[in-house]
Amino acid sequence: MSSDDSNHSEEELQIIQEDELMEQVPVSLEDLDASDIDDEDGDLILEQKVTINNEAALKRITEEFRLKDLPWIETMAVTSTEPIELEDVHDDLKRELAFYQQALEAANIGREKVKAAGLPFTRPDDYFAEMVKSDEHMEKIRQRLLDETAGVKASEDAKRQRDLKKFGKKVQIEKLQERQKKKSEDMEKIKMLKRKRKGAEDFSTEDFDIELDGGADDKSNKKSKRGPSKRDKKDSKYGFGGKKRYAKSNTAESSADVGGFNPKKNKAPFKGQAKRPGKAKRANNRNRK
Amino acid sequence: MASVYKSAKAGEKAENKSNGTVDRRINKQRVLLLSSRGITYRHRHLMNDLEAILPQAKKDSKLDSKSHLHILNELAELSNCNNCIFFEVRKRQDLYMWISKTPNGPSAKLHIQNIHTMDELKLTGNSLKGSRHMLSFDKNFDASPHYQLLKEMFTQVYGVPKGARRSKPFIDHILSFSIVDNRIWFRNYQIVEKNPSNTPGYTAKDQDDITLVEIGPRFCMTVIRVFEGSFGGSTVFENPEFVSPNMIRAAHRREKATKYNSRQAAQTERKAKLKEAEGKESELSTRKVFG
């Protein structure tokens with residue numbers, strides 16, 4: 001449209017303005033002329049289904065075949081007092097609830113009417129007859145219900161267990177932290193004591209110091225003596241954390257470094273494997289161990 | 001021998017009638033229930049469920065033709081039926097339900113969707129086979145003439161008339177028809193009256209309380225057309241909102257096809273753009289200077 005705007009005569013422009021004015025008023029498809037419809041893309045479908053709704057005929061037919069003058073008990077049809085209106089059809093829960101309420105209302109009304117007509121309504125417990133669903137099928141349904149409740153219970157149990165575990169872990173960490181704190185406090189105390197002693201008497205009380213080490217400081221001392229743990233060793237050997245890429249590739253430094261290279265080693269004659277010591281020597285060695 | 005017995009019996013009956021103990025059935029409805037060829041298991045199960053619910057229904061063998069439905073009128077007459085439910089299956093997937101008052105009409109064609117049969121384990125209710133049920137209609141049925149007509153038709157076809165053959169005396173379930181979203185939703189509930197044995201924590205207050213448990217089947221009907229005659233005649237109502245499942249499938253397929261085409265177009269366009277962006281070789285390009 002915009003490309004050939006300039007070609008419009010004044011008359012056409014006027015029409016366009018009128019069209020714009022009319023935009024507010026909806027016009028049904030049937031009332032439009034074919035020429036009025038601006039079909040730029042050519043994909044507008046101009047055909048419209050001719051709908052049939054012959055209300056007069058519908059009413060006449062309904063009246064013709066309607067069951068007339070029958071007591072209610074013959075048909076037992078109940079119409080609800082309130083029409084069902086739902087905002088969202090796809091909301092299953094609300095929709096089913098509406099259907100349920102409609103049926104419940106009908107059931108309550110119907111029961112009164114059936115009783116008024118003098119017919120039995122409730123099936124007595126001792127009335128046995130063929131049912132719509134077989135006993136096997138009902139057993140299956142029962143089993144499924146049981147399974148469902150069992151599943152719910154199991155999942156709840158598992159959840160509780162998980163929560164407990166989480167809580168337990170928290171408690172454990174708290175305890176460890178408390179112990180650590182106590183230990184550091186003790187250390188602080190001992191240090192203070194030592195300093196006081198040093199200030200009071202200049203001569204060292206070595207035997208007393210040793211006693212102290214063996215006493216309250218026992219645990220921490222042991223640990224420091226033990227050295228790095230297995231985990232630490234492994235971490236230093238295999239690496240823990242940090243960047244793992246290019247760890248084994250050369251860098252400028254490593255390629256410049258010839259520390260490990262010894263040209264003499266290359267020229268050294270081949271010695272072969274170290275010889276196995278003789279029998280007596282081996283026996284001696286074993287004895288020494 | 002048999003004929004003698006029959007005639008004697010007939011005489012007896014006539015006598016009874018004259019004595020005043022007449023056949024009291026004033027609402028005589030019998031329903032012919034059958035399907036076309038090409039029915040799938042789910043549709044067949046639905047049909048069996050309807051047969052179980054409706055004691056006045058007579059099931060017949062599959063009908064061969066889909067074009068000459070008027071023979072159904074004769075079939076119904078042969079089996080003494082004045083109503084007919086016909087399951088027309090197209091393309092082995094789309095189910096249309098015809099319900100008709102044979103032989104003079106009216107009739108209606110409905111499209112059936114969202115079928116859940118009674119076999120589903122989620123539907124936990126149960127009822128006597130052949131007990132009469134109540135029918136519950138949504139008030140929306142009174143809103144427009146074609147729904148009024150359908151309501152009357154449903155009362156005659158789906159209602160079990162009093163004293164129907166094989167029907168049992170108690171009323172323990174209820175069929176509900178509701179109109180939502182311009183469709184008719186069908187549900188079947190068991191009526192459970194609270195008593196000490198089925199309600200934990202039963203009190204005197206609960207005495208007349210009713211709860212419902214769904215039995216099934218459940219399905220959803222969309223009206224396509226209403227005809228004046230039975231399986232034919234002039235159309236008196238046509239649903240403008242109905243879109244045939246074929247159209248929906250075709251649209252879906254077309255959408256899929258255009259998806260591929262548009263992607264291809266985008267790819268070629270991108271290639272052309274890249275080529276253009278490369279531009280011409282400049283005076284100082286490496287190839288020109290050193291080549």
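As the structure is a computational prediction, the values presented were derived from the model and not from experiment. Protein chains get the first letters and strands the later ones, always in sequence-line order, with residue 1 at the start of each.
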Inset, instruction - Spell out the residues in residues 65-72 of chain A that have some non-hydrogen atom less than 4.5 Å away from a non-hydrogen atom of chain B, in order of number; otherwise answer 'none'. - result: A/F65, A/R66, A/L67, A/L70, A/P71, A/W72
Inset, instruction - Identify which part of B/I174 has an atom lying under 4.5 Å from any heavy atom of chain A, answering side chain, backbone, both or neither. - result: side chain
Inset, instruction - Check each atom of B/D142 against the heavy atoms of chain A and say whether the ones under 4.5 Å are side chain, backbone, both or neither. - result: side chain
Legend entry - Top contributor to chain A interface from B/R187, B/H146, B/K139 [non-hydrogen pairs under 4.5 Å]: B/K139
Legend entry - Option in B/R183, B/K168, B/H173, B/E214 with maximal non-hydrogen atom pairs under 4.5 Å from chain A: B/K168
Inset, instruction - Spell out the residues in residues 218-225 of chain B that have some non-hydrogen atom less than 4.5 Å away from a non-hydrogen atom of chain A, in order of number; otherwise answer 'none'. - result: B/R218
Inset, instruction - Ignoring hydrogens and angles, tell me if any N or O in the side chain of A/Y100 forms a donor-acceptor pair with the backbone of B/L212 under 3.5 Å. - result: yes
Legend entry - Aromatic centroids of A/F121 and B/F170 separated by under 6.0 Å: no
Inset, instruction - Identify the residues of residues 146-162 of chain A whose heavy atoms come closer than 4.5 Å to a heavy atom of chain B, ordered by number, or report 'none'. - result: none
Legend entry - Donor-acceptor side-chain pairing of B/K162 and A/T75 below 3.5 angstrom: no
Legend entry - B/D208 backbone acceptor or donor facing A/R111 side chain under 3.5 Å: yes
Inset, instruction - Could you tell me which of B/F141, B/F177, B/W185 has the largest number of non-hydrogen atom pairs under 4.5 Å with chain A? - result: B/W185
Inset, instruction - Could you tell me whether B/E120 and A/R144 have a side-chain N and a carboxylate O separated by less than 4.0 Å? - result: no
Inset, instruction - Tabulate, in ascending numerical order, the residues of residues 83-93 of chain A having at least one heavy atom closer than 4.5 Å to a heavy atom of chain B, or enter 'none'. - result: A/P83, A/I84, A/L86, A/V89
Inset, instruction - Just give me the residue among A/N54, A/V132, A/T62 that pairs up with chain B most often, heavy atom to heavy atom, under 4.5 Å. - result: A/V132
Legend entry - Which of B/N140, B/N126, B/I191 touches chain A most, by non-hydrogen pairs under 4.5 Å: B/N126
